[in-house]
Amino acid sequence: MTRRRAILSGSTFEEQIGYARAVVDGDRVHVSGTTGFDYTTMTISDDVVEQAEQCLRNIGAALAEAGCGFTDVVRVRYLLPDRADFEPCWPVLRRHFGELRPAATMLECGLADPRMKIEIEVDARRPDVS
């Protein structure tokens, strides 16, 4: 029987909307679309690259709580309201995913708050889960 476990980050959005930062389902970890908010202060930078860095810190924390890390990511989705903001983020993304080469998609779309310039979602597989 697969055990499902929710991971919460403390973001006010999780409570207001009704979702978890991540869900662990057996060996699979699904991290929700994660923005550049610092969830401890609920502040966000105006700079898209700084937002991307914060997204990845938030994702890294969720992955660690799930028992895995960036090396276990198999799928990543990048969501941006302005596709011109994607390329400036490439060095940050390459630093985290360049050697791993997960499957990836970038979509241009509206995000929930106009301050949000990037949202990142990942799926991972936990190692050594029977």
Point to revise | D123/R77 ion pair, N-O < 4.0 Å | key: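 Yes.
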Practice item. May I ask you to say whether D85 pairs ionically with K117, meaning some side-chain N is under 4.0 Å from a carboxylate O? Key: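 Judged by the 4.0 Å cut-off on N to carboxylate O distance, D85 and K117 do not form a salt bridge.
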Has [X] got a side-chain atom pairing as donor or acceptor with [Y]'s backbone, closer than 3.5 angstrom?
X    : Y    : result
Q51  : R115 : yes
E108 : R83  : yes
N58  : G36  : no
T34  : S32  : yes
R21  : A61  : no
R3   : D25  : no

Would you say [X] and [Y] are hydrophobically clustered, going by side-chain heavy atoms of ILVMFWY under 4.5 Å?
X    : Y    : answer
V76  : L107 : no
I118 : V92  : yes
L79  : Y19  : yes
V74  : I7   : no
I17  : L8   : no

Heavy-atom count around [X] [atom1] within 6.0 Å, excluding the residue itself: above 12?
X   : atom1 : result
D46 : CG    : no
R5  : CZ    : yes
Q16 : CD    : yes

Exercise for review: May I ask you to decide if the ring planes of F37 and Y39 are parallel, tilted or perpendicular, using 30° and 60° as cut-offs?
Suggested key: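 Parallel: the ring planes of F37 and Y39 meet at under 30°.
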Nearest 0.5 Å, what's the [atom1]-[atom2] distance between [X] and [Y]?
X    : Y    : atom1 : atom2 : value
L100 : D72  : CG    : CG    : 9.0 Å
T35  : I120 : OG1   : CD1   : 10.0 Å
E119 : D113 : CD    : CG    : 10.5 Å
H96  : R57  : NE2   : CZ    : 8.5 Å
S9   : I59  : OG    : CD1   : 11.0 Å
E87  : L80  : CD    : CG    : 12.0 Å

Going by heavy atoms in the side chains, are [X] and [Y] under 4.5 Å from each other?
X    : Y    : answer
R126 : V29  : yes
L63  : V31  : yes
F97  : V73  : yes
C109 : L111 : yes
L93  : F86  : yes
E53  : R95  : yes

Check your understanding: Is it the case that T40 and D38 place a side-chain donor and acceptor less than 3.5 Å from each other?
Key ->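 Yes, side-chain donor-acceptor contact under 3.5 Å.
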Practice item. Check the pair F70 / L56 against side-chain contact (heavy atoms from CB on, under 4.5 Å), numbers first and verdict last. Key: CA-CA 9 Å; F70 284 103; L56 294 167; 3.9 Å; yes
